[in-house]
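Being a predicted model, the structure only gives us computed values, none of them experimental. Quick note: numbers below take in every heavy atom, side chains included, and nothing from hydrogens, waters or symmetry partners.
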Amino acid sequence: QVQLVESGGGLVQAGGSLRLSCAASGRTFRSYAMGWFRQAPGKEREFVAAISWPRLTTYYADSVKGRFTISRVNAKNTVYLEMNSLKPEDTAVYYCAARLLMAGTYITTAQAMDSREYDYWGQGTQVTVSS
């Protein structure tokens, strides 16, 4: 089992920045690909960004490419989402997710972007961007 706890959400003006954190506990963190998803009111959950292990390949939704950066620090069992140039349409609950990777296996781009491929989820953190 892996427990994920997000933090860092809040209210920010358009053009501002936030950094989300996701702290993991439980099984070996470095065995997991990590992803961020978001869900706005009345909309389906959508992919934001992901980072693989061990190649540290990153994946981004087109809507956030160039503005958001995902990173991980395995020594701290933490994955981050740096969000810059925020827009009102970025307003959503942001969820951290983990996918267990068996030794010698890798996550594909399609898997990284598919919420159904993730095994564990955090409770979410609210991000609100005002215009």
Side-chain angles (χ1 to χ4, degrees):
Q1 288 287 334
V2 173
Q3 293 77 42
L4 304 173
V5 178
E6 303 97 334
S7 61
L11 174 63
V12 64
Q13 288 188 331
S17 299
L18 283 174
R19 187 176 79 158
L20 304 184
S21 300
C22 173
S25 61
R27 298 184 63 173
T28 305
F29 177 70
R30 63 182 181 183
S31 301
Y32 290 83
M34 302 298 296
W36 286 97
F37 292 78
R38 66 187 182 187
Q39 188 167 17
K43 295 187 176 181
E44 293 187 352
R45 189 171 298 186
E46 65 173 2
F47 169 75
V48 176
I51 186 166
S52 69
W53 178 261
R55 294 174 176 173
L56 302 183
T57 305
T58 55
Y59 310 85
Y60 295 97
D62 288 342
S63 59
V64 306
K65 203 170 293 184
R67 300 188 297 123
F68 291 12
T69 302
I70 188 170
S71 61
R72 64 192 292 166
V73 179
N74 285 347
K76 295 184 177 181
N77 287 354
T78 302
V79 62
Y80 302 96
L81 185 68
E82 186 76 34
M83 305 186 296
N84 298 313
S85 302
L86 282 162
K87 305 175 181 180
E89 51 264 44
D90 294 318
T91 295
V93 177
Y94 283 70
Y95 297 91
C96 174
R99 173 191 165 93
L100 177 63
L101 297 175
M102 304 306 294
T105 65
Y106 302 94
I107 194 169
T108 67
T109 300
Q111 289 172 327
M113 300 175 68
D114 188 346
S115 62
R116 296 168 297 179
E117 295 287 343
Y118 288 81
D119 304 301
Y120 303 100
W121 292 83
Q123 82 290 347
T125 185
Q126 176 71 46
V127 171
T128 303
V129 184
S130 62
S131 57

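- Here the CG atom belonging to Asp90 is positioned 4.5 Å from the CZ atom belonging to Arg38, to the nearest 0.5 angstrom.
- Taking both residues in full, the closest heavy atoms of Gly35 and Tyr118 are given as N-CE2, 3.7 Å, listed atom of the first, atom of the second, then distance.
- Closest approach of Ala14 to Ser131, counting heavy atoms only: CB-CA, 4.3 Å.
- The aromatic rings of Tyr94 and Phe68 are tilted relative to each other, their planes meeting at an angle between 30° and 60°.
- Side-chain atoms of Thr78 do not come within 3.5 Å of backbone N or O of Ala23 as any donor-acceptor pair.
- Hydrophobic clustering keeps Val5 apart from Val2 (ILVMFWY residues linked when any side-chain heavy atoms are closer than 4.5 Å, directly or through intermediates).
- Taking CG from Asp119 and CZ from Arg99, the interatomic distance works out to 6.5 Å, rounded to the nearest 0.5 Å.
- Hydrophobic clustering, with ILVMFWY side chains joined whenever heavy atoms are under 4.5 angstrom apart, keeps Leu11 apart from Leu18.
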Pair Met83-Leu20, side chain to side chain contact (heavy atoms under 4.5 Å, CB included): steps then yes or no: CA-CA 8 Å; Met83 305 186 296; Leu20 304 184; 3.7 Å; yes
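- Of the inter-residue distances, the one linking Ile70 atom CD1 with Glu82 atom CD reads 12.0 Å to the nearest 0.5 angstrom.
- Checked by atom type and distance alone, the side chain of Glu117 never pairs as donor or acceptor with a backbone atom of Ala112 at under 3.5 Å.
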Candidate pair Tyr120 and Gln1, rule side chain to side chain contact (heavy atoms under 4.5 Å, CB included), full reasoning: CA-CA 8 Å; Tyr120 303 100; Gln1 288 287 334; 3.4 Å; yes
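- In this structure, the separation between CG on Leu4 and CD on Gln123 is 9.0 Å, given to the nearest 0.5 Å.
- Here the closest non-hydrogen pair linking Arg72 and Ile51 is NH1-O, 3.7 Å.
- Residues Ser17 and Asn84 come closest through the heavy atom pair OG-OD1, 2.8 Å.
- Considering every non-hydrogen atom in both Glu6 and Trp36, the closest pair reads CG-CZ3, 3.8 Å.
- With values rounded to the nearest 0.5 angstrom, Trp53 atom CH2 is found 14.0 Å from Ile107 atom CD1.
- Across all their heavy atoms, Tyr95 and Gly122 have their closest contact at CD2-O, 3.7 Å.
- Put simply, the residue from Cys22, Cys96, Ser21 that forms a side chain to side chain contact (heavy atoms under 4.5 Å, CB included) with Tyr80 is Ser21.
- In this structure, the side chain of Ser52 engages the main chain of Thr57 through a donor-acceptor pair within 3.5 Å.
- By the criterion of side-chain heavy atoms lying less than 4.5 angstrom apart, applied directly or through intervening Ile, Leu, Val, Met, Phe, Trp or Tyr residues, Tyr106 is not grouped with Met102; the two fall into different hydrophobic clusters.
- Here the CG atom belonging to Asp114 is positioned 7.0 Å from the CZ atom belonging to Phe37, to the nearest 0.5 angstrom.
- In the displayed structure, Lys43 atom NZ is contacted under 6.0 Å by at most 12 heavy atoms of other residues, nucleotides or ligands.
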